[in-house]
**Q** 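This is the structure I want to talk about, given as structure tokens.
Just so you know, these numbers come straight off a predicted model, no measurement behind them.
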Amino acid sequence: MTGGVGITTYAVALAMIGLAIYVSTDPFHYSPIADFPNFKSHRIDFPPWSQLPVAKDHENRLQRSEIKFLNQVQGPESLAFDPQGKGPYTGVADGRIMFWDGQQWSEFAHTSPNRSEELCKPGPTPMSNIKNEHICGRPLGLRFDKRTGDLYIADAYFGLLVVGPEGGLATRLVSEVDGVPLRFTNDLDIDKEQGIVYFTDSSSVYQRRNFVQLVFSSDTSGRILKYNPQTKEASLILSNVQFPNGLSLSKDGSFFVFSDSCVGSLKRHWLKGPKAGTTDIFAVLPGHPDNVRTNEKGEFWVALHCRRNLYSHFLGLYPGLRTAILKLPIPTKYHYLAQIGGRLHAVLVKYSPDGELVEILEDSEGKVIRAVSEVEERDGKLWMGSVLMPFMAVY
């Protein structure tokens with residue numbers, strides 16, 4: 001009996017040593033970080049789990065949404081309506097910005113000067129074009145300057161661009177700031193008085209096609225930037241942000257909020273008043289945010305990429321353990337599903353101008369809407385787009 005126990009103990013010890021060697025070397029390069037030799041996990045300073053919001057929409061009201069333009073638009077991340085109220089306009093997976101004229105979709109603009117009809121032809125799914133995004137472009141955040149009719153574009157690969165009311169090839173405005181290239185330009189908003197453009201660069205290390213690795217690493221190289229169209233200069237506002245995503249100005253322009261995606265909060269940066277130049281927490285969210293948009297009342301609609309879960313919360317606090325788990329020979333898909341709680345489902349939250357939770361809408365079963373990247377409130381309806389879905393939805 002003692003000999004059997006000794007053999008078992010020895011076998012377990014060998015197995016543990018073998019696992020430790022495997023995790024430290026990843027010899028077969030099966031892991032989701034195998035192609036990223038400089039990958040590093042960063043700690044996320046979450047609030048205590050007991051203090052996180054748990055509000056839910058028990059009626060699953062987003063299941064009542066209407067699906068629109070199924071398979072006509074692939075991955076419509078952001079939605080915009082022009083100063084005349086026409087649209088929506090949206091950026092899609094093949095690098096084009098499309099315009100709905102009330103009857104049909106047509107190409108309005110594109111961001112890449114190297115666009116190839118062969119390489120950039122529309123694919124059957126939102127992910128079909130990802131390997132050529134760096135050639136074709138991937139327009140994400142869109143905003144119209146209501147004074148000029150110009151459309152400003154945050155393209156994940158080509159930086160901050162603008163195109164006039166007639167459309168066509170967009171003009172690149174910013175491709176680097178302070179000598180650091182824009183590697184994942186994500187979202188923007190425009191000050192209605194001065195025309196200053198505030199925008200996010202989600203990472204200086206990972207590009208959008210490596211979005212999953214950015215999520216896994218919680219990389220701290222994200223930046224908040226601004227562009228002055230009068231001086232044509234871009235400058236840094238905030239650095240060392242973990243995956244800054246959506247951004248939206250307050251109704252009075254005194255501050256903007258931005259999505260601190262890894263932490264799961266909205267941060268507020270003051271532009272005017274006695275707090276000008278300072279940043280604070282506007283709201284702690286029940287999940288990890290994508291884009292944020294301001295409605296006519298000055299409230300903020302936030303699209304959540306996923307709800308919080310104990311697995312990602314725990315690994316966020318222990319980056320060494322996270323790296324070790326990511327080196328296991330488990331397909332990226334399953335690591336990602338564990339990170340987001342097992343499956344996609346859509347969640348929208350609305351906050352007051354003071355950061356109080358006003359409303360939450362979701363489809364917790366993912367029956368109708370499985371993911372939302374942005375919500376735009378217009379004429380009493382909520383227009384939703386998603387970088388992961390082949391349609392828009394209206395609630």
**Q** Please report the interatomic distance OG1(Thr231) to CD1(Ile196), rounded to the nearest 0.5 Å.
**A**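 Those atoms lie 7.0 Å apart.
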**Q** Under 3.5 Å, is there a donor-acceptor pair between the side chain of Thr294 and the main chain of Ser250?
**A**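 No; judged by distance alone, with no hydrogens or angles, the pair does not exist.
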**Q** Would you confirm whether the ring centroid of Phe243 sits within less than 6.0 angstrom of the ring centroid of His305?
**A**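 No; Phe243 has its ring centre 6.0 Å or more from that of His305.
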**Q** How long is the span from the CD atom in Glu376 to the CH2 atom in Trp383, to the nearest 0.5 Å?
**A**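 Going from the CD atom of Glu376 to the CH2 atom of Trp383 covers 10.5 Å.
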**Q** To check you understand the geometry: which heavy-atom pair defines the closest contact between Pro165 and Thr148, and what is its length?
**A**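 Heavy-atom minimum between the residues: CG-O, 3.8 Å.
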**Q** Could you tell me whether a side-chain N or O of Arg322 sits under 3.5 Å from a main-chain N or O of His42, the two making a donor and an acceptor?
**A**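 Answer holds: yes.
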**Q** Hey, could you give me the CG/CD1 distance between Leu247 and Ile224, rounded to the nearest 0.5 Å?
**A**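 These two atoms lie 6.0 Å from each other.
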**Q** Would the distance check show the side chain of Gln242 and the main-chain N or O of Asp260 forming a donor-acceptor pair, the cut-off being under 3.5 Å?
**A**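 Checking the backbone N and O of Asp260 against the side chain of Gln242, no donor-acceptor pair under 3.5 Å is found.
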**Q** Among Arg64, His58, Gln63, which residue satisfies the side chain to side chain contact (heavy atoms under 4.5 Å, CB included) criterion with Arg61?
**A**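 Between Arg61 and the candidates, side chain to side chain contact (heavy atoms under 4.5 Å, CB included) is satisfied uniquely by Arg64.
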**Q** Could you check whether any side-chain N or O of Arg43 sits under 3.5 Å from a backbone N or O of Leu317, counting only pairs where one atom can act as donor and the other as acceptor?
**A**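 Yes; judged by distance alone, with no hydrogens or angles, the pair exists.
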**Q** Please report the C-alpha distance between Glu77 and Arg208 in whole Å, then the side-chain angles of each, then the deciding distance to 0.1 Å, and finally whether the salt bridge (Lys or Arg N to Asp or Glu O under 4.0 Å) criterion is met.
**A** CA-CA 13 Å; Glu77 157 95 354; Arg208 200 199 83 88; over 6 Å; no
**Q** Could you state whether Val92 and Ile97 fall into the same hydrophobic cluster, counting links through intermediate Ile, Leu, Val, Met, Phe, Trp or Tyr residues with side-chain heavy atoms under 4.5 angstrom apart?
**A**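 Hydrophobic grouping puts Val92 apart from Ile97.
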**Q** Can you say whether the rings of Phe108 and Phe144 are parallel (under 30°), tilted (30 to 60°) or perpendicular (over 60°)?
**A**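 Because their plane-to-plane angle lies in the 30° to 60° range, the rings of Phe108 and Phe144 count as tilted.
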**Q** Between Phe184 and Asp201, is any pair of side-chain heavy atoms under 4.5 Å apart?
**A**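 They are in contact (side-chain heavy atoms under 4.5 Å apart), so the answer is yes.
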**Q** Are Lys381 and Glu66 close enough for a salt bridge, meaning some N to O gap below 4.0 Å?
**A**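 Salt bridge: no.
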**Q** Under 3.5 Å, is there a donor-acceptor pair between the Asn245 and Asn186 side chains?
**A**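 Yes, side-chain donor-acceptor contact under 3.5 Å.
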**Q** Filter on side-chain hydrogen bond (donor to acceptor under 3.5 Å, both in side chains), then keep only pairs touching residues 164-175, sequence neighbours left out; what's left?
**A**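 Residue pairs passing side-chain hydrogen bond (donor to acceptor under 3.5 Å, both in side chains), neighbours aside: none found.
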**Q** Would you find a donor on one side and an acceptor on the other, under 3.5 Å apart, between the side chain of Asp155 and the backbone of Arg138?
**A**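 Checking the backbone N and O of Arg138 against the side chain of Asp155, a donor-acceptor pair under 3.5 Å is found.
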**Q** Between the side chains of Ser352 and Asp354, is a donor N or O closer than 3.5 angstrom to an acceptor N or O?
**A**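 There is no such pair between these side chains.
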**Q** Around atom CD of Gln84, are there more than 12 heavy atoms from other residues, nucleotides or ligands closer than 6.0 Å?
**A**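 Counting other residues, nucleotides and ligands, CD of Gln84 exceeds 12 neighbours.
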**Q** Give me the atom names and distance for the closest heavy-atom approach of Phe46 to Gly316.
**A**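 Smallest interatomic distance, heavy atoms only, reads CE1-CA, 3.9 Å.
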**Q** Take a 6.0 Å sphere around NZ of Lys350 and say whether it holds more than 12 heavy atoms from other residues, nucleotides or ligands.
**A**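 More than 12 heavy atoms, drawn from other residues, nucleotides or ligands, come within 6.0 Å of this atom.
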**Q** At what distance, to the nearest 0.5 angstrom, does CZ of Phe69 lie from OG1 of Thr90?
**A**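 Spacing of CZ (Phe69) from OG1 (Thr90) equals 10.0 Å.
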**Q** Can a donor-acceptor pair be found, under 3.5 Å and without considering hydrogens, that links the side chain of Asp363 to the backbone of Leu62?
**A**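 Such a contact is absent between Asp363 side chain and Leu62 backbone.
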**Q** Check Ser41 against Pro319 and note the closest heavy-atom contact, atom names and distance.
**A**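 Taking every non-hydrogen atom into account, CB-O, 3.3 Å.
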**Q** With hydrophobic residues grouped by side-chain heavy-atom distances under 4.5 Å, do Val177 and Leu188 end up in a single group?
**A**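 Same cluster.
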**Q** For the side chain of His288 and the backbone of Ser261, is there at least one donor-acceptor N/O pair under 3.5 Å apart?
**A**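 Pair found, side chain donor or acceptor close to backbone of Ser261.
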**Q** Side chains of Leu357 and Tyr351: does their closest heavy-atom pair fall under 4.5 Å?
**A**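 Leu357 reaches Tyr351 side chain to side chain.
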**Q** Can you say whether the rings of Tyr336 and Phe211 are parallel (under 30°), tilted (30 to 60°) or perpendicular (over 60°)?
**A**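 If you compare the ring of Tyr336 with that of Phe211, the planes turn out perpendicular.
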**Q** Without hydrogens or angle criteria, can the side chains of Tyr157 and Gln207 be said to hold a donor-acceptor pair below 3.5 Å?
**A**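 Not at all, the side chains of Tyr157 and Gln207 share no donor-acceptor pair under 3.5 Å.
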**Q** Quick one: pull up CG in Leu119 and CD in Glu133 and give me the separation to the nearest 0.5 Å.
**A**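 Between atom CG of Leu119 and atom CD of Glu133 there are 13.0 Å.
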**Q** Looking at every heavy atom in both Pro353 and Phe255, which two are closest together, and how far apart are they?
**A**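 In this case the closest contact between Pro353 and Phe255 is O-CZ, 3.9 Å.
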**Q** Would you confirm whether the ring centroid of Phe216 sits within less than 6.0 angstrom of the ring centroid of Phe39?
**A**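 Distance test on ring centres: not under 6.0 Å, no.
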**Q** With clusters defined by side-chain heavy atoms of hydrophobic residues (ILVMFWY) lying less than 4.5 Å apart, directly or transitively, does Met392 cluster with Ile67?
**A**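 They do not share one cluster, since no chain of ILVMFWY contacts under 4.5 Å joins Ile67 to Met392.
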**Q** Can you tell me if NZ on Lys367 sees more than 12 non-hydrogen neighbours from other groups inside 6.0 Å?
**A**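 No.
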**Q** Can you tell me if Tyr318 has over 12 outside heavy atoms packed within less than 6.0 Å of its OH?
**A**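 Atom OH in Tyr318 is not packed in, count stays at 12 or less.
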**Q** Test of understanding: clusters of I, L, V, M, F, W, Y form through side-chain heavy atoms closer than 4.5 Å, transitively. Do Leu326 and Leu214 belong to the same one?
**A**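 Yes: a chain of side-chain contacts under 4.5 Å links Leu326 to Leu214.
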**Q** Could you check if a side-chain atom of Lys327 sits within less than 4.5 angstrom of a side-chain atom of Ile33, using non-hydrogen atoms only?
**A**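 Yes. Closest side-chain heavy atoms under 4.5 Å.
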**Q** With clusters defined by side-chain heavy atoms of hydrophobic residues (ILVMFWY) lying less than 4.5 Å apart, directly or transitively, does Ile153 cluster with Leu169?
**A**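 Shared cluster, no.
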**Q** Once the angle between the rings of Phe256 and Tyr198 is folded into 0 to 90°, is it parallel (under 30°), tilted (30 to 60°) or perpendicular (over 60°)?
**A**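 The arrangement is tilted - the two ring planes meet at 30° to 60°.
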**Q** Do we see a donor-acceptor contact under 3.5 Å between the side chains of Ser364 and Asn60?
**A**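 Distance-only check passes for Ser364 and Asn60.
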**Q** I want to check something: taking the side chain as every heavy atom from C-beta on, are His313 and Leu52 in contact at a cut-off of under 4.5 Å?
**A**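 Yes - at least one pair of side-chain heavy atoms lies under 4.5 Å apart.
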**Q** Are any side-chain N or O atoms of Arg115 and backbone N or O atoms of Cys120, one a donor and one an acceptor, separated by less than 3.5 Å?
**A**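 Yes.
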**Q** Can we call the ring centroids of Phe300 and Phe282 under 6.0 Å apart?
**A**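 Between Phe300 and Phe282, the centre distance is under 6.0 Å.
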**Q** Run the salt bridge (Lys or Arg N to Asp or Glu O under 4.0 Å) check on Arg307 and Glu362 step by step: do they pass?
**A** CA-CA 10 Å; Arg307 276 191 168 275; Glu362 63 186 309; 3.1 Å; yes
**Q** Please report the shortest heavy-atom distance between Thr200 and Gly246, naming the atom on each side.
**A**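 Between these two residues, the closest heavy atoms are CG2-O, 4.5 Å.
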**Q** Short question: side chain of Arg308, backbone of Gly264 - any donor-acceptor pair under 3.5 Å?
**A**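 The answer is yes, because a donor-acceptor pair under 3.5 Å joins these two groups.
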**Q** Indicate the atoms forming the closest heavy-atom contact of Ser65 with Ala393, along with that distance.
**A**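 Looking at all heavy atoms of both residues, the shortest contact is CB-CB, 4.4 Å.
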**Q** Would you say the side-chain atoms of Ser204 pair up with the backbone N or O of Ser221, donor to acceptor, closer than 3.5 Å?
**A**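 Side chain of Ser204 to backbone of Ser221: a pair is present.
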**Q** To the nearest 0.5 angstrom, please state how far the NZ atom of Lys272 sits from the CG atom of Asp252.
**A**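 That separation rounds to 6.5 Å.
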